[in-house]
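What you see is a predicted model, and the numbers here were worked out from it, not measured in a lab.
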Amino acid sequence: MNRIDHIDGIIDLDRYPIHRLDSASRRELIAETRAQMDAVGCCRIADFIRPEAIETMLHEARRLHDHTFWAEQTHNPYASPADPDLPDRHPRNTFQERMSGFINADLLPDDSLLNRIYDSNVVTHFVWECLGTTEPIYQWADPLGRNPYGVMETDHYFPWHFDGNEFTVSILVQKADQGGVFEYVPDIRRPDDENFERVQ
């Protein structure tokens, strides 16, 4: 493994020197991402991945498209069963149709750029610092779900939901021709308050 963990040429390390722990630019980037997270619960790092790497990943996803696992289902925001003891319009009884797909990670070749990003200790450490948590984070060992490509076709819809994980990191390899708007509501609930009224 070389000194930058096989990510040179994938991540724009000239603009974002995340491999240099003593870099003032790196410290400023982490401070900026933490400020965005604190303010709105989300952050975006523009052009973090080099354009040629994005193009390579897009080509890979297109090549594997026929192996997409499609998920067609209805679910509520909690991915839980309906509760007959609650009103019909309660969020736990509000179900919407979902249509989306995944190219599971076990289909990716060992030298996939997406694998190289996910397996990079440099990237993992950088994400951990951006989150500002004292608890360590780890790369997931699950061969299917660790770093899949998400796939959506025209008119597909991913209904509003709560993620089961603490955080998500996404790389957009193809922009939507239209639509494709990412909507979210930060801090809508707390461990001691599900805030069902606002969720509804």
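Annotation: salt bridge (Lys or Arg N to Asp or Glu O under 4.0 Å) contacts of Asp163 (sequence neighbours excluded): none. Remark: Arg62 pairs with no residue by the salt bridge (Lys or Arg N to Asp or Glu O under 4.0 Å) rule, at least two apart or across chains. In this view, Ala82 and Asn93, Phe95 satisfy the side-chain contact (heavy atoms from CB on, under 4.5 Å) rule, not counting sequence neighbours. Taking Tyr138 as the reference, Pro136 meet the side-chain contact (heavy atoms from CB on, under 4.5 Å) condition, with sequence neighbours excluded. With sequence neighbours excluded, the residues satisfying salt bridge (Lys or Arg N to Asp or Glu O under 4.0 Å) with Asp47 are Arg15. Scanning for side-chain contact (heavy atoms from CB on, under 4.5 Å) contacts around Asp193 gives Arg190, Asn195, with sequence neighbours left out. Applying the ring-ring contact (aromatic ring centres under 6.0 Å, His included) test to His67 and every residue at least two apart in sequence or in another chain returns nothing. Partners of Tyr16 according to the ring-ring contact (aromatic ring centres under 6.0 Å, His included) rule, which considers only residues two or more places apart in sequence or in another chain, are Phe48. Residues meeting the side-chain contact (heavy atoms from CB on, under 4.5 Å) test with Glu153, sequence neighbours left out: His65, Trp70, Val151, His156.
Apart from Leu21 itself, the hydrophobic cluster it occupies contains nothing, where clustering links Ile, Leu, Val, Met, Phe, Trp and Tyr at side-chain heavy-atom distances under 4.5 Å. With side-chain heavy atoms closer than 4.5 Å counting as contact, directly or through intermediates, the hydrophobic cluster containing Met152 also holds Phe158. Under a 4.5 Å side-chain heavy-atom criterion applied to ILVMFWY residues, the cluster that includes Trp160 comprises Tyr78, Phe162, Val185, Ile188, Phe196, Val199 as well.
Here the straight-line distance linking atom CD of Gln139 with atom OG1 of Thr124 works out to 3.5 Å at 0.5 Å rounding.
Checked for salt-bridge contact, Arg116 and Asp8 miss the test: no charged N lies under 4.0 Å from a carboxylate O.
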